[in-house]
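Let me begin by presenting the structure, written as structure tokens, before commenting on it.
All chains are named by letter (A, B, ...) in the order of the sequence lines, taking the proteins before the strands, and each is independently numbered beginning at 1.
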Number of protein chains: 2
Amino acid sequence: MEHKSITIYDIAKEAQVSSATVSRVIAGNYPVKEETRKKVIDIIHKYDFQPNAVARSLSKKETKMIGFILPDITNSFFSQVFIEAEKYALTKGYTLLLCNSMNNSEMESKYLKILAERQVEGIILMGGRINKALPDVMEVNELSQVMDKMPVLMINGKIDGLDCYSIRTDEAHGIEIIIDHLVSQGHEKIGLIGGIEGITTTDIKVEAYRNALTKYGLPIRDSWQIYSGFDIERGEEAINNLIEVNKEDLPTALIGINDLVIIGALKECRRKKINPFAFVGFDNTDLAKNSNPELTTVSHPYKELGENAIDLLIQPQLNQKKSENKDILMEPYLEVRESCRKIFIEK
Amino acid sequence: MEHKSITIYDIAKEAQVSSATVSRVIAGNYPVKEETRKKVIDIIHKYDFQPNAVARSLSKKETKMIGFILPDITNSFFSQVFIEAEKYALTKGYTLLLCNSMNNSEMESKYLKILAERQVEGIILMGGRINKALPDVMEVNELSQVMDKMPVLMINGKIDGLDCYSIRTDEAHGIEIIIDHLVSQGHEKIGLIGGIEGITTTDIKVEAYRNALTKYGLPIRDSWQIYSGFDIERGEEAINNLIEVNKEDLPTALIGINDLVIIGALKECRRKKINPFAFVGFDNTDLAKNSNPELTTVSHPYKELGENAIDLLIQPQLNQKKSENKDILMEPYLEVRESCRKIFIEK
DNA sequence: TATTGTAAAGAAACCGGTTACATAATAAAA
DNA sequence: TTTTATTATGTAACCGGTTTCTTTACAATA
């Protein structure tokens, strides 16, 4: 930064050609005589010259940067998508700009502004707002304003007023997969804990849960489906609630609205020294792999979510032309681990 | 991107002033007549004009971007530092460019190149290489080349040949804190598991462990200090090894080289239905908070690490002038949770 | 009133690339 | 050999800001 950096003009002078030629050699897609090319390349190597991407961006009006806004990278649900997106973007020549909004709409606004100023070519928006009953009006306005300037894509969280691409996990199918598996293991009494009624993810899962039980002709017991919330403490609560309400007639398998809730449930069962359940989580966070026992859980298709998000954003023709379905569902899969092996069932 | 964007010239034309004046109004630190200023500001608001940061960067030769290379953002040890650095950088007007090297030196090189081209104003390098007995010669060369162009700072991982700032947790003191605590809880037989001899972190911790025991006049038993590795499986192994070697004469408290190892140990003890220990981890990853029982662990001073890294990088005078001590230690602290409450000791 | 100083604003160069357009050099065709 | 394509290269404008250097306007001082 401090001392004047070396430019294509320096290279050009030493190679006794014009800067345009140097530029062409670097770009590689223009006709340049092999001899000239060699000469220029040699000097580039000699000085280990690296073209200034800022100048290039200004000139070409393309920054090869994509903004990625998410609530909290510390949460492995988000980081797993992000890292896949990043790896893939790299292969396409794009760099991601990670922005942690901390679920704070002021920070989100701030970042939207920064990203616009920095001329990113698109924005990926993840999470958070799916948990809001009503999306903020300000937010919708702000986002549609942003969408005038660049493509926006949402992962796992569609806002109704917004006509942008949305790509998300087919969570209903996730629940179905779980129940298929549990049934194949001999379970007939299956409960679902966690979540809050009225919030999209929860409602989707609860409905899928009911449908799947119906499909198998299994009993649907309202007292086996307990709303509570989304974190570990809510899982503990749910267990206590479940036991109190059902007394002896408990389910043999429990599905959590997410990993945290089911981990809370596991914990509470351990504390109470009861272990009547097969446990299945949802999300496949790092906690699931490392919990004790290791948690069977539905995994989001992290890789596909990340890669498809990038693809959709950087392929201009796909983005603009046909106004086909902009709502894309990706298939989750079951990660079977020890928390619902038969050994837990027999017990 | 598509349609021509509105520029400072458009604003100038409409306000009937020169572009220089608009620029001055935006910058805010030049004398502009209040009347003119108003006029310009109004038009800026009218169009919701956002100055092009790329053009500004080129002109001012400052990008307000900092590269942050780490092995894997999915690992909460790294993400916790990153997020603190990001939050702080934001308040200073800087944006971080996150680069996941996946512990792959080719990717690291690639990212170093990208960051240089993008004209970042500094690079923070975290983790990974501390686990290598010998740092890659290529890597050292490459890094010192980078250091000619911009400041580089390493967090928790100093490379010997490299004269750059390094900021890291005082891990020796971390171990001391643990032992202070355990002793205060009545423990006298304290073991340490995990790590690999010859790797810096491990050696530092083992030495501190011995010193602390000596300080308290407690027995140092070689068979209570078991090398094994750094992940959950290594923790399980260590327990088996410990039991086999020591038969009945086991320690009453176990320190893990990190959270993963001690979680593995916990798991194996559960499986074997033995629970003679107080368990203490190291790192305070998200696993520690959410494990069962919740894990007492030494926390890195994540916030300070992140913030100081940014400060050191963006304060030019600090960076260049005095070649004072470039090796900075930050103090960790103990996060006491249920895994080593007295109840576990008495049992 | 003439002179000097200061504040406000404009003109133009500059940052380091890209690229449309023009020109020179070379190869192919007449 | 002259004409015509084609390839290779140079010139210069442009991207959208910042900033140095000047000029102009106006107030203060002599």
Side-chain angles (χ1 to χ4, degrees), chain A residues 1-41 43-44 47 49-65 93 114 116-121 149, chain B residues 1-41 43-44 47 49-65 93 114 116-121 149:
Chain A
M1 285 292 113
E2 312 77 22
H3 27 52
K4 54 257 139 249
S5 38
I6 136 167
T7 73
I8 57 169
Y9 293 96
D10 304 316
I11 303 293
K13 194 161 70 180
E14 185 150 341
Q16 304 182 69
V17 298
S18 75
S19 67
T21 301
V22 176
S23 176
R24 284 169 188 136
V25 168
I26 292 169
N29 44 1
Y30 290 89
V32 176
K33 210 206 294 177
E34 187 50 32
E35 184 193 330
T36 319
R37 187 192 154 61
K38 264 257 154 62
K39 198 168 51 174
V40 172
I41 287 282
I43 297 177
I44 286 179
Y47 292 106
F49 168 69
Q50 305 195 299
N52 182 325
V54 174
R56 172 180 296 151
S57 290
L58 179 59
S59 170
K60 298 187 75 170
K61 300 184 114 188
E62 66 170 37
T63 53
K64 295 284 183 185
M65 295 204 301
I114 290 175
E117 285 182 353
R118 289 202 184 272
Q119 315 292 120
V120 298
E121 295 178 28
K149 300 185 199 154
Chain B
M1 285 291 111
E2 311 78 20
H3 28 50
K4 54 260 138 245
S5 38
I6 138 165
T7 73
I8 207 181
Y9 294 94
D10 303 316
I11 303 293
K13 194 161 71 180
E14 186 151 339
Q16 305 181 71
V17 297
S18 74
S19 65
T21 301
V22 177
S23 175
R24 285 169 187 138
V25 167
I26 292 170
N29 43 2
Y30 289 90
V32 177
K33 211 205 293 175
E34 188 50 31
E35 185 194 331
T36 319
R37 188 192 152 59
K38 265 256 156 59
K39 198 167 49 173
V40 172
I41 288 282
I43 297 177
I44 286 179
Y47 292 105
F49 169 70
Q50 305 195 297
N52 182 326
V54 173
R56 172 180 296 151
S57 289
L58 178 59
S59 170
K60 297 186 75 169
K61 299 184 115 191
E62 65 170 36
T63 53
K64 295 285 184 185
M65 295 203 300
I114 290 175
E117 287 182 352
R118 289 202 184 272
Q119 314 293 120
V120 298
E121 294 178 30
K149 300 185 199 154

For [X] and [N], what is the distance between atoms [atom1] and [atom2] respectively, to the nearest whole Å?
{"X": "Arg118(B)", "N": "dG16(C)", "atom1": "CZ", "atom2": "C1'", "value": "15 Å"}
{"X": "Lys13(B)", "N": "dG10(C)", "atom1": "NZ", "atom2": "P", "value": "15 Å"}
{"X": "Gln50(B)", "N": "dG16(D)", "atom1": "CD", "atom2": "P", "value": "15 Å"}
{"X": "Ile8(A)", "N": "dA12(D)", "atom1": "CD1", "atom2": "C1'", "value": "13 Å"}
{"X": "Asn52(A)", "N": "dT18(C)", "atom1": "CG", "atom2": "C1'", "value": "13 Å"}
{"X": "Leu58(B)", "N": "dC14(D)", "atom1": "CG", "atom2": "P", "value": "17 Å"}
{"X": "Lys64(B)", "N": "dT18(D)", "atom1": "NZ", "atom2": "C1'", "value": "15 Å"}
{"X": "Gln119(A)", "N": "dG16(D)", "atom1": "CD", "atom2": "P", "value": "8 Å"}

Between Val54(A) and Ala20(A), just flag the one whose closest nucleotide in DNA chain C comes earlier from the 5' side.
->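 Mapping each residue to its closest nucleotide by heavy atoms, the 5'-most match is Val54(A).
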For [N] and [X] - does any side-chain N or O of the residue sit under 4.0 Å from the phosphate oxygens OP1/OP2?
{"X": "Lys61(B)", "N": "dC14(C)", "answer": "no"}
{"X": "Ser19(B)", "N": "dG10(C)", "answer": "no"}
{"X": "Ser59(A)", "N": "dC14(D)", "answer": "no"}
{"X": "Tyr30(A)", "N": "dA8(D)", "answer": "no"}
{"X": "Ser57(B)", "N": "dC15(C)", "answer": "no"}

Where each residue is assigned the nucleotide of DNA chain D containing its nearest heavy atom, which of Thr21(A) and Phe49(B) is assigned the position nearer the 5′ end?
-> Thr21(A)
Name the closest nucleotide to the [X] side chain, picking from [options].
{"X": "Arg24(A)", "options": "dG16(C), dT9(D), dG17(D)", "answer": "dT9(D)"}
{"X": "Ser18(A)", "options": "dG16(D), dG10(D), dC21(D)", "answer": "dG10(D)"}
{"X": "Pro51(B)", "options": "dG10(D), dG17(D), dG17(C)", "answer": "dG17(D)"}
{"X": "Arg56(B)", "options": "dT9(D), dT18(D), dT18(C)", "answer": "dT18(D)"}
{"X": "Lys33(A)", "options": "dT18(D), dC15(D), dA8(D)", "answer": "dA8(D)"}
{"X": "Pro31(A)", "options": "dA8(D), dG10(C), dG16(C)", "answer": "dA8(D)"}
{"X": "Lys60(A)", "options": "dT18(C), dA11(C), dG17(C)", "answer": "dT18(C)"}

Looking across every strand, which nucleic acid part, if any, lies under 4.0 Å from [X] by heavy atom: base, sugar-phosphate, or nothing?
{"X": "Glu117(A)", "answer": "nothing"}
{"X": "Glu35(B)", "answer": "nothing"}
{"X": "Val17(B)", "answer": "sugar-phosphate"}
{"X": "Thr7(B)", "answer": "sugar-phosphate"}

Any side-chain heavy-atom pair from Arg118(A) and Met65(B) closer than 4.5 angstrom?
->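 Side chain of Arg118(A) against side chain of Met65(B), heavy atoms only: contact under 4.5 Å found.
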Would you give the length of the straight line joining atom CZ of Phe49(B) to atom CD1 of Ile43(B), rounded to the nearest 0.5 angstrom?
->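 Nearest 0.5 Å value for the CZ-CD1 distance: 12.0 Å.
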Glu35(B) atom CD, over 12 foreign heavy atoms within 6.0 Å |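 Not more than 12 within 6.0 Å, no.
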Would you name the heavy atoms of Leu58(A) and Val54(B) that are closest together and state the gap between them?
->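 For Leu58(A) versus Val54(B), the nearest heavy atoms are N-CG1, 3.6 Å.
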Any donor-acceptor pair under 3.5 Å between the side chain of Tyr9(B) and the base of dG16(D)?
-> no
Partner of Gln50(B) under side chain to side chain donor-acceptor pair (under 3.5 Å), picked from Lys149(A), Gln119(A), Glu117(A), is Lys149(A)
Can you check whether Thr63(A)'s main-chain N or O pairs, donor with acceptor, with Glu121(A)'s side chain at less than 3.5 Å?
-> yes
Using atom types as modelled and distance alone, determine if a side-chain donor or acceptor of Ser57(B) lies under 3.5 Å from a backbone N or O of Ala53(B).
-> yes
